[in-house]
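A quick write-up on the structure given underneath.
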There are 2 protein chains.
Amino acid sequence: MTTLLEQRLTDHRIKPTAMRLLVLEYLLSRQSALGLSDIEKAMAPADRITIYRTLKTFEQNGLVHLIDDGTGVHKYALCDNCDPAEHHDTHVHFYCTVCKETYCLPDTKIPDIGLPAGFILSEMNLIVKGHCDKCRL
Amino acid sequence: MTTLLEQRLTDHRIKPTAMRLLVLEYLLSRQSALGLSDIEKAMAPADRITIYRTLKTFEQNGLVHLIDDGTGVHKYALCDNCDPAEHHDTHVHFYCTVCKETYCLPDTKIPDIGLPAGFILSEMNLIVKGHCDKCRL
DNA sequence: AAAATATTTGCAATGCAATTGCATTTTTAT
DNA sequence: ATAAAAATGCAATTGCATTGCAAATATTTT
Ligand SMILES: [Mn+2]
Ligand SMILES: [Mn+2]
Ligand SMILES: [Zn+2]
Ligand SMILES: [Zn+2]
């Protein structure tokens, strides 16, 4: 018998170890992007480095994507439907300056940009800061 | 008598010290955004921390803006015409993966984004990666 | 099942860049 | 000239990502 969690890992060619199942389960339970320290706290007393490598494996296999939200801390969020080979997470990310949470906005795509002549685009990262829907006045 | 460099500092309520004049002059001489280490090399053997604080002062007074280009190193570039009080550098930044230089694209503004209901925008940062005009194949 | 191999994990150590504390020097005001 | 304020230089700290390596665990081969 194989659970849904296990299935999700094996679909991305990741062997389902205990740690990996726990991390995946935790990511699924949260709706915002998480930093390594966040996950570390939830997994205590599991080793930080193991979680780090777990997330790296997830990222390399298209299960999570890495978000640079400008805080200096890498955030991780589950991919919607990325290939094990290639990511295609081209959505905007939102950082709430009140609750300090980082959200994926999967339906908000980064618009095309007209670059000066001679500039060739390969990737884009758009991060928006402000107040999230839960932090209104 | 007061030089143009001195004028530019005093216009932003910054007292023109030797170090500050040198850093400003160097920023003017380069067309890409610079990291602290870049400037440090050019100012050798001047102290790194003094340069750091010089740049911080510049930034606080609207003379330079700080760019987070995703490399993990802060980059500094002269502002076009910012108030001493408030920045309004809403342009796109471009990171060339070949020459590793970061460029301001002052004429390429970040387009408006439609956020989900309840999200209030306060700032945006768009960084585009690719090949710059000097690094074509 | 036992041995050999490959993978995963845990701990220690490293590296890198931003940032701060504090004493010293320099500048400005009295 | 003296006192106050600002700028500088050095040392130290912090906070993160990242790697080396040995121990533990899982997988494959005999
Ligand atoms: Mn996302
Ligand atoms: Mn710029
Ligand atoms: Zn919020
Ligand atoms: Zn280039």
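- Checked against A/K75 for a side chain to side chain donor-acceptor pair (under 3.5 Å), the options A/D69, A/D68, A/D38 give a single hit: A/D69.
- Atom-to-atom, CG of A/D68 to P of D/dA17 comes out at 11 Å; the value is rounded to the nearest Å.
- Side-chain nitrogen and oxygen atoms of A/R20 include at least one within less than 4.0 Å of the OP1 or OP2 phosphate oxygen of C/dT8.
- The CG atom of A/L27 lies 10.5 Å from the OH atom of A/Y76; values are rounded to the nearest 0.5 Å.
- Note on B/Y52: a side-chain N or O is less than 4.0 Å away from OP1 or OP2 of C/dT19.
- Annotation: of the two residues near DNA chain C, B/L36 and A/M19, the 5′-most nearest-nucleotide partner is A/M19.
- Toward the 5' end of DNA chain C, the nearer of the two residues B/K15 and B/G72, judged by each one's closest nucleotide, is B/G72.
- As rounded to whole Å, 16 Å separates atom P of C/dC16 from atom NZ of B/K75.
- In this structure, the CZ atom of B/R13 is 15 Å from the P atom of D/dA6, given to the nearest Å.
- The nucleotide whose nearest atom lies closest to any side-chain atom of A/R48 is, among D/dA17, C/dA18, D/dA7, D/dA17.
- Going from atom OH of A/Y95 over to atom OH of A/Y103 covers 11.0 Å, rounded to the nearest 0.5 Å.
- Taking atom CG of residue A/L55 and atom P of nucleotide C/dT8, one finds them 15 Å apart after rounding to whole Å.
- The distance between atom CG of A/D69 and atom P of D/dA17, rounded to the nearest whole Å, is 11 Å.
- The phosphate of C/dT8 (OP1 or OP2) has no side-chain N or O of A/T50 nearer than 4.0 angstrom.
- Remark: P of D/dA24 and CG of A/D47 are 14 Å apart, rounded to the nearest angstrom.
- Rounded to an integer number of Å, the gap from CD of B/Q60 to P of D/dA7 is 11 Å.
- Distances from the side chain of A/I49 to the nucleotides C/dT20, C/dA17, D/dT19 place D/dT19 closest.
- One finds no side-chain N or O of A/K56 lying less than 4.0 angstrom from the OP1 or OP2 phosphate oxygen of C/dT9.
- For the residue pair B/Y26 and B/R30, a side-chain donor N or O sits within less than 3.5 Å of a side-chain acceptor on the partner.
- To the nearest 0.5 Å, atom CZ of residue A/R20 and atom CG of residue A/L55 are 11.0 Å apart.
- Along DNA chain D, the nucleotide nearest to A/S37 and the one nearest to A/R53 differ in position, and the one closer to the 5' end is contacted by A/S37.
- Between the P atom of C/dT7 and the CD1 atom of A/I14 lies a distance of 15 Å, rounded to the nearest Å.
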